[in-house]
Structure formats: C-alpha cells, structure tokens
Amino acid sequence: MKSLKIAIAGLGTVGVGVIKILEEHSAMIAARTGRRIEIVAVSASNRSRDRGIDISGYDWADNVLDFAARDDVDMVIELIGGSDGVAKELAQQSLSNGKSFVTANKALIAHHGAELAQSAEDNNIAMRFEASVAGGIPIIKSIGEGLAANRLTKVYGILNGTTNYMLSQMEATGKDYGEILEETKLLGYLEADPSLDLDGIDAGHKLAILGSVAFGVKTDFDNVYMEGIRRIKLVDIEYARELGYRIKLLGISSLSDAGLEQRVHPCLVPKSAPIAIVDNGFNAVVVDGDYIDRTFYEGRGAGEGPTASAVVADIIDIARGRSGPAFFVPIGEMQEARPVSISDRNGPYYIRLHVEEQPGVIADITAALRDEDVSLHIMLQKGSEQDGTVYVIMVTHETHEKRVMNALDQIDSLSSVIDKPLAIRIENL
Ligand code: HSE
C-alpha cells in the first residue's frame with residue numbers, strides 16, 4: 001500500500017489532535033483511503049514542551065519552510081495561524097513545489113484564499129481548509145459538494161464559539177459582560193488576540209470563506225462589516241428575552257442583484273428560531289438554496305477533537321485522490337461581487353438608551369426618531385435605577401439602517417442621555 005507522506009507545521013491543540021487521530025485511527029483511515037497516512041516530520045516553536053503525546057518518532061524541523069522543499073513530503077499541514085508571515089510563506093512554497101496543502105487557518109484563507117487557490121490550480125495540486133470554518137461541522141464540504149445542485153442565496157450562522165459561550169453564560173448566570181469576560185479568559189477560550197473573538201473578526205474571516213464557497217465569489221474579507229459583543233450588557237439580554245428574543249453574534253452573507261452582503265454583528269433572533277437554542281461553544285450554520293429551501297448544521301466550533309477531525313477529513317479527501325478546485329469552482333470562474341454596505345440594511349431594530357429620569361426626555365428622544373421617520377413598535381421603561389437614571393428600551397418597525405443611526409446620533413447629543421445609545425439589529429430568521 002503506497003503511503004501519503006505528510007508534514008505537520010504547528011503542534012498546538014489542533015496539531016496534537018491531528019496526530020492523535022492519525023495514530024489511533026490509522027488502520028481505519030488506511031482502509032477508507034487505500035493509503036497509509038505517514039507523518040514524516042513535525043515542527044513547532046518549542047520542541048521540548050510536554051504535549052501529552054510522543055513525537056520522538058517523527059523528524060523534527062526547526063524551520064517549517066523546510067517541509068516545502070523536502071522530497072519525502074507529499075502534503076503540508078499548516079496549523080500555525082496568522083494571515084501572513086510564515087503561514088503564508090509555507091502555503092505559497094508548498095503549493096509551488098507541488099505539495100498538497102491543508103490548513104485550519106481562517107485568517108490566511110480569508111485574506112489570501114483566491115491567490116493560494118490560483119497557485120494550487122496552476123500547480124495542479126489540492127488545497128483544503130475545512131477546519132477554518134466552524135470546527136467540526138463539515139460545512140465547506142456540505143456546501144461545495146452536498147448542495148452543489150443549488151443556487152445558494154443566503155448563508156448565516158454562529159461562527160464564533162467563544163462569544164456564543166459568553167452570551168450564553170451571561171444569560172444563564174445573570175452576570176454582566178465584564179465578569180463573564182474575566183471567567184472566559186481564565187478558561188483559556190479567547191484567541192491570543194482577544195479582539196479577534198470580541199470584535200467579530202474571527203467570525204468575519206469565517207464568513208468571508210463561507211460566502212466565497214457558497215456563492216462562487218472571490219473571498220472579500222475587506223468588505224465584511226464587523227461589530228462584536230463588547231457593548232452587550234446583561235440588561236439587553238434580559239430585555240431581549242422579555243421581548244421573545246435571544247441575542248446571538250451572527251455572520252450573515254447573501255448574494256442578490258444588489259451584490260454581496262457580508263455582515264457580522266449581534267442580532268436579536270426569535271427564541272423559536274433553531275439558531276436561538278445553539279448555546280455555549282457550539283456553532284451553527286444555516287444555508288438557504290433554491291432547491292433545498294433551508295438546511296441547518298450544528299456542532300462544536302473549536303477545540304482539539306472537532307478541529308482536528310476536520311483537518312484529518314481533508315487529508316483523507318486528498319489521500320482518496322480528490323483534488324478539485326479549493327473553492328469548488330476554478331478561480332477563473334469566480335466572480336468579483338459588488339459589496340453591499342451595512343448602511344443599506346432594512347429591518348427592525350432594538351434600541352437601548354440609558355437616560356436621566358426627568359421630564360421631557362422621552363419627548364426629545366421620540367422627536368429624533370420622528371425626524372428620521374423611524375416608527376416605534378414597542379417601548380419599555382420600568383421604574384428607575386437607584387441613581388435616578390433609567391433604561392429605555394425600544395423596538396422599531398422595519399426601517400432603514402441609516403435612519404436609525406442618524407436618529408441615535410441625535411439622541412446621543414442630548415444632555416439627558418448617559419451612555420452611547422445601542423442599536424441591535426433584529427433578524428426574524
Ligand atoms: N476563537 C474561535 C472560536 C476558535 O471561538 O470560535 C475556533 O475558530
């Protein structure tokens with residue numbers, strides 16, 4: 001049986017998981033692929049760190065770029081991370097030296113996916129990145145293969161497990177954002193740069209990849225609108241619940257005659273929506289298409305086992321000899337879609353205001369909404385805080401993003417308004 005020789009760059013959580021699966025399931029994988037997967041070399045920043053696995057049987061490389069030049073390596077697995085630097089160099093050199101390439105690196109694919117796929121195509125080599133989106137959910141393969149008969153119109157989901165965990169925990173424990181953030185840090189759930197999670201950037205990377213696979217458009221991360229969860233307070237989660245909603249950080253992408261819409265932001269979703277009950281570290285993706293109507297996928301979005309499972313599935317795919325285009329259509333067939341701006345969104349909004357409890361405040365607020373032609377559907381104000389301030393919660397009828405933002409700018413300038421007003425988009429999914 002001819003073996004497939006692989007080199008693994010990066011031995012963090014995912015790299016260790018990949019080695020464990022390949023060792024534990026080696027006979028099963030060989031039976032499924034007709035090839036033995038042989039790890040010939042590994043590399044990481046620290047050779048001696050205790051990882052709970054024995055790596056002494058594999059060659060060690062101090063410089064991962066050596067993998068791209070080795071004659072005894074057929075495939076390079078990149079688990080280093082980062083959109084540029086050594087991860088990108090390794091990708092470029094591996095592909096141009098005829099090594100197939102598997103990565104879990106969402107930032108790399110979101111920023112350079114088209115260019116790398118072009119290189120893979122030019123060299124007639126396979127490139128795969130299933131683990132870059134939604135961990136253990138095989139969403140890239142589902143879209144690119146299982147749904148290939150459909151014109152897909154919309155793809156959206158919970159693409160970041162850390163922030164989903166935080167929002168779930170705020171609701172479950174009644175603790176506010178700051179306290180849950182500290183607990184999440186201690187659990188080690190945040191990316192090395194927490195902004196990637198908290199500001200929606202990680203979800204943005206994944207959304208750009210998903211949209212590209214779903215719609216056959218070139219990955220356009222620069223035009224993803226991203227807003228994270230830093231401004232969500234417990235009071236928002238509580239009022240949302242009272243109004244029949246839950247708050248989720250969603251990535252939403254759709255392709256229409258208007259162009260490609262790509263946005264990541266907190267949303268109020270109806271409690272009854274399937275996505276509303278996806279909690280903690282779980283991810284979920286919904287894909288709408290013309291012949292399937294709607295499909296829904298849920299699973300663990302991160303962690304050793306689920307992410308390594310996706311990486312090994314890619315290795316198996318290539319071992320089976322499947323080497324079509326990385327984004328399922330040749331780069332020459334991919335469109336450059338016109339971006340749709342967030343300011344063109346239409347829909348209802350949840351608005352939270354924190355104001356002084358005094359006469360005339362509501363009149364000033366509603367005047368600003370009237371001036372922008374924003375019509376209210378619901379308004380809530382319950383008693384007042386002990387410090388003489390009060391939260392005013394409003395739900396608008398369907399309206400235009402620009403009008404809401406203009407009204408909030410006006411409201412923000414009122415002397416009776418304490419915190420910057422917050423608007424959360426309502427998505428009646
Ligand atoms: N920070 C990411 C998340 C890790 O929380 O989903 C998996 O990509």
Side-chain angles (χ1 to χ4, degrees), residues 10 12-18 77-83 87 102-111 113 128-141 155-170 177 180-213 219 221 224 226-230 232 247-253 264-267 275 278-286 297-314:
T13 317
V14 181
V16 167
V18 168
I77 317 294
E78 185 273 309
L79 305 171
I80 301 164
S83 61
V102 170
T103 182
N105 188 335
K106 50 225 169 179
L108 176 72
I109 300 298
H111 284 275
R128 291 284 182 276
F129 43 83
E130 181 65 68
S132 66
V133 180
I137 308 176
I139 192 61
I140 306 263
K141 204 178 234 308
V155 53
Y156 64 91
I158 297 170
L159 302 175
N160 181 269
T162 303
T163 46
N164 199 42
Y165 172 82
M166 292 174 66
L167 293 171
S168 305
Q169 286 299 304
M170 285 169 73
Y177 177 83
I180 292 295
L181 177 59
E182 288 313 310
E183 290 180 12
T184 308
K185 270 186 196 157
L186 290 176
L187 289 166
Y189 287 176
L190 284 151
E191 297 274 346
D193 173 5
S195 169
L196 292 172
D197 290 316
L198 303 175
D199 297 316
I201 302 165
D202 171 80
H205 287 146
K206 294 165 179 168
L207 186 71
I209 298 170
L210 269 186
S212 188
V213 174
T219 312
F221 175 70
V224 180
M226 290 172 293
E227 184 186 315
I229 65 162
R230 290 186 200 259
I232 304 293
I247 299 182
K248 294 288 176 193
L249 181 73
L250 296 189
I252 301 172
S253 182
V264 173
H265 51 74
C267 298
I275 209 156
V278 176
D279 273 336
N280 293 314
F282 280 80
N283 281 193
V285 182
V286 181
Y297 311 78
E298 193 215 14
R300 290 197 185 276
E304 179 183 304
T307 313
S309 157
V311 172
V312 175
D314 280 346

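Note that ligands are numbered from 1 as they come in the structure, with each ligand's atoms numbered from 1 the same way.
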*Charged N to carboxylate O under 4.0 angstrom, Arg230 versus Asp197?*
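Here Arg230 does not pair with Asp197 in a salt bridge, since their nearest N and O are not under 4.0 Å apart.
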
Output, or 'none' if empty, a list of ligand 1-protein atom pairs in which both atoms are N or O and the distance is under 3.5 Å, rounded to 0.1 Å.
from: ligand 1; atom 1: 1 (N); to: Glu191; atom 2: OE2; distance (Å): 2.6
from: ligand 1; atom 1: 1 (N); to: Asp197; atom 2: OD1; distance (Å): 2.7
from: ligand 1; atom 1: 5 (O); to: Asn160; atom 2: ND2; distance (Å): 3.4
from: ligand 1; atom 1: 5 (O); to: Gly161; atom 2: N; distance (Å): 3.3
from: ligand 1; atom 1: 5 (O); to: Thr162; atom 2: N; distance (Å): 2.9
from: ligand 1; atom 1: 5 (O); to: Thr162; atom 2: OG1; distance (Å): 2.6
from: ligand 1; atom 1: 6 (O); to: Gly161; atom 2: N; distance (Å): 2.8
from: ligand 1; atom 1: 6 (O); to: Lys206; atom 2: NZ; distance (Å): 3.2
from: ligand 1; atom 1: 8 (O); to: Lys106; atom 2: NZ; distance (Å): 2.6
from: ligand 1; atom 1: 8 (O); to: Lys206; atom 2: NZ; distance (Å): 2.8

*Side chain Asp202, main chain Leu196, donor-acceptor under 3.5 Å*: no

*With sequence neighbours excluded, what pairs up with Thr163 under the side chain to side chain donor-acceptor pair (under 3.5 Å) test?*
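Here the qualifying residues are Asn160.
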
*salt bridge (Lys or Arg N to Asp or Glu O under 4.0 Å): which pairs involve residues 297-311, sequence neighbours left out?*
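For residues 297-311, and leaving out neighbouring residues, the salt bridge (Lys or Arg N to Asp or Glu O under 4.0 Å) pairs sorted by first residue read Lys20-Glu304.
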
*Considering all heavy atoms of both residues, which atom of Ala203 and which atom of Leu159 are nearest to each other, and what is their separation?*
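Scanning both residues, the minimum pair turns out to be O-CD1, 3.8 Å.
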
Anything under 3.5 Å between a donor and an acceptor, one on a side chain of residues 186-195, the other on a protein residue two or more places apart or in another chain? List them.
from: Glu191; atom 1: OE2; to: Lys106; atom 2: NZ; distance (Å): 3.1
from: Asp193; atom 1: OD1; to: Ser195; atom 2: N; distance (Å): 3.1
from: Ser195; atom 1: OG; to: Asp199; atom 2: OD2; distance (Å): 2.7

